[in-house]
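Quantities reported herein were computed from a predicted structural model and do not represent experimental measurements. In what follows, every chain begins at residue 1, and chains take the letters A, B, ... in the order their sequences are listed.
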2 protein chains.
Amino acid sequence: MHEPLPDAALDQLFREARTYQWFDGREVTDSQLAAIWDLMKMGPTSMNQLPARIVWCKSDEAKARLAGHAFEGNVEKIKQAPVCAIIAMDEEFHEHLPRFAPHMDNPKAAFAGEEKRAARKTSAFRNGTLQGGYFIMAARALGLDCGPMSGFDNEAVDADFFADEPAWKSNFICSVGYGDPEKVFPRAPRPSFEDFNRLL
Amino acid sequence: MHEPLPDAALDQLFREARTYQWFDGREVTDSQLAAIWDLMKMGPTSMNQLPARIVWCKSDEAKARLAGHAFEGNVEKIKQAPVCAIIAMDEEFHEHLPRFAPHMDNPKAAFAGEEKRAARKTSAFRNGTLQGGYFIMAARALGLDCGPMSGFDNEAVDADFFADEPAWKSNFICSVGYGDPEKVFPRAPRPSFEDFNRLL
């Protein structure tokens, strides 16, 4: 620890990694999906809330079902990806806190009750999305490429996939596979440190 | 690309990385802070929105100012960290889209106007938080440790630090430094794949 990773690793994670919407046809195995989870779950969340929930649409049937709720431009991208994950968050994550925050005295209390609903929602969104960031980084660390997408009907996905878990809410979706370098766009510009940072 | 990173890198990023609230006293240089930004800015955001804005509180004065808005348990953690970053998001990020999404025809239109305010807010929160996840991973990739915190008064921080940028909203704060291994808690439990994943 305490040393930067080699340049090749920084390139794979950040500098040369790209968003891919089209993939080269190679399969992604179930054990690779579990490996993404086993890395991403180690990332920090507030109080170890761990609100992320994932549905991996891998069968043609599941991908078609998800694609049915996507904006037109994303339909074929979802159907042709090896896997497309629904990254969701559990707005009742606090029910699991006694298990995940055993060091705390009555951790559920901080988020229990109707008057804490808005705080739960915000916290699930913040921490579930952080886990979404870890998901992308974990997939890249494992040599895979990602195609995150927001262009779909969240409420329709929730009604279709989470009828049995009404507190689970879709956040974004993300294809996973081996990206096709022939079908990637040129890299868009990025802001300099001076653009959006202040050092006090 | 397309190969998993070596185990030592996966350990540094995920498996052995820990949240640190107390640091060993070593300085973090301004160029290390810029290096975090230069990695994290490469991570994907929807339409290349890049809503994250960062205020790095490094001087004793800036850390005391931030600590003044923190919950009691976080005050000393902030003051004693080498740097504590306010990770914020610009809810008027669409003003910059012509620069960052030059491949799109009139990208501002998708988020312009009063009737798009709620969509901007949601999108800034989602994509700004994804960038917060990239921030933590970038710092770890550079050999640094992070101590992310939600326990502070967001509105008070915004009023104090963003009076000149009313569309910037604090999301979470994150200390950065070299963690003190003597002062870290035992790792809390994590969920298995079977707990929170579905494979369809």
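Note that OG of B/Ser192 and CG of A/Asp38 are 8.5 Å apart. Values are rounded to the nearest 0.5 Å. Atom CG of A/Leu10 and atom CG of B/Leu39 lie 5.5 Å apart (nearest 0.5 Å). Taken to the nearest 0.5 Å, the CE atom of A/Met42 stands 8.0 Å off from the CZ atom of B/Arg18.
Interface check for chain B: of the options A/Met47, A/Gln32, A/Arg26, A/Glu61, the most heavy-atom pairs under 4.5 Å are formed by A/Arg26. Of the listed residues A/Leu144, A/Ile136, A/Asn171, the one with more heavy-atom pairs under 4.5 angstrom with chain B than any other is A/Asn171.
Heavy atoms closer than 4.5 Å to chain A are found in both the backbone and the side chain of B/Arg99. Using a 4.5 Å cut-off between heavy atoms, A/Thr45 makes no contact with chain B at all. In this structure, the portions of B/Asn197 lying under 4.5 Å from any heavy atom of chain A include both its backbone and its side chain. Interface remark: B/Ser59 contributes backbone and side-chain atoms alike to the contact with chain A (heavy atom separation under 4.5 Å). A/Leu130 touches chain B through backbone and side chain together, each having a heavy atom under 4.5 Å away. For B/Phe185, no part lies near chain A; criterion is any non-hydrogen pair under 4.5 Å. Proximity to chain A (any heavy atom under 4.5 Å) is shown, for B/Ser123, by neither the backbone nor the side chain. Within the 4.5 angstrom heavy-atom criterion, atoms from both the backbone and the side chain of B/Leu142 approach chain A. For chain B, the nearby parts of A/Ala138 are the backbone and the side chain; heavy atoms of each come within less than 4.5 Å. The contact between B/Pro148 and chain A is made entirely by side chain atoms (from C-beta outward), counting heavy-atom distances below 4.5 Å. The contact between A/Pro191 and chain B is made by backbone and side chain atoms together, counting heavy-atom distances below 4.5 Å. For B/Glu165, the part lying near chain A is the side chain, with the backbone staying farther off; criterion is any non-hydrogen pair under 4.5 Å. Both the backbone and the side chain of B/Leu33 come within less than 4.5 Å of a heavy atom of chain A.
For CG of B/Asp60, the number of neighbouring non-hydrogen atoms (other residues, nucleotides, ligands) closer than 6.0 Å is 12 at most. Heavy atoms from other residues, nucleotides or ligands lying under 6.0 Å from NZ of A/Lys116 number more than 12. Crowding of B/Glu72 atom CD: a count of heavy atoms from other residues, nucleotides or ligands under 6.0 Å not exceeding 12. Within 6.0 Å of CD in B/Glu95 there are more than 12 heavy atoms belonging to other residues, nucleotides or ligands. Counting heavy atoms of neighbouring residues, nucleotides and ligands inside a 6.0 Å radius, atom CG of A/Asp164 exceeds 12 of them.
Following chains of ILVMFWY side-chain contacts shorter than 4.5 Å, one cannot reach B/Val55 starting from B/Phe172, and the two form parts of different hydrophobic clusters. Both A/Phe23 and A/Val184 belong to a single network of hydrophobic side chains, linked directly or stepwise wherever heavy atoms of I, L, V, M, F, W or Y lie under 4.5 Å apart. Note on B/Ile54 and B/Phe162: separate hydrophobic clusters, where clusters join Ile, Leu, Val, Met, Phe, Trp and Tyr whose side-chain heavy atoms are under 4.5 Å apart, directly or indirectly. Under the 4.5 Å side-chain heavy-atom criterion for Ile, Leu, Val, Met, Phe, Trp and Tyr, B/Ile78 and B/Val83 are members of distinct hydrophobic clusters. The cluster map of Ile, Leu, Val, Met, Phe, Trp and Tyr, joined by side-chain heavy atoms under 4.5 Å apart, puts A/Leu199 and B/Phe135 in the same cluster.
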*Tell me, with the steps shown, if B/Leu13 and A/Leu5 meet side-chain contact (heavy atoms from CB on, under 4.5 Å).*
CA-CA 9 Å; B/Leu13 292 166; A/Leu5 295 179; 4.1 Å; yes
*Take A/Lys58 and B/Leu200, measure what side-chain contact (heavy atoms from CB on, under 4.5 Å) needs, and give me the verdict at the end.*
CA-CA 6 Å; A/Lys58 195 178 178 192; B/Leu200 301 182; over 6 Å; no
*asked:* Is there a side-chain contact (heavy atoms from CB on, under 4.5 Å) between B/Met137 and A/Phe14? Walk through the geometry before answering.
replied: CA-CA 10 Å; B/Met137 289 293 143; A/Phe14 295 103; 4.2 Å; yes
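Taking 4.0 Å as the cut-off between side-chain N and carboxylate O, A/Asp195 and B/Arg53 do not count as a salt-bridged pair.
In this structure, B/Arg198 satisfies the cation-pi test against A/Trp168, with its NZ or CZ atom closer than 6.0 Å to the six-membered ring centre and inside 45 degrees of the ring normal.
Closest of all the heavy-atom pairs between B/Arg126 and A/Phe125 is CB-CZ, 3.7 Å. Smallest separation of non-hydrogen atoms from B/Arg140 and A/Pro44: NH2-CD, 3.6 Å. Across every non-hydrogen atom of A/Pro189 and B/Phe100, the tightest pair is O-CD2, 3.6 Å. Pairing each heavy atom of A/Phe196 with each of B/Leu50, the nearest pair is CE1-O, 4.3 Å.
Without hydrogens or angle criteria, A/Gln12 side chain to B/Glu3 main chain gives a donor-acceptor distance under 3.5 Å.
Between A/Trp56 and B/Phe193, the ring-plane angle classifies as parallel under the 30° and 60° cut-offs.
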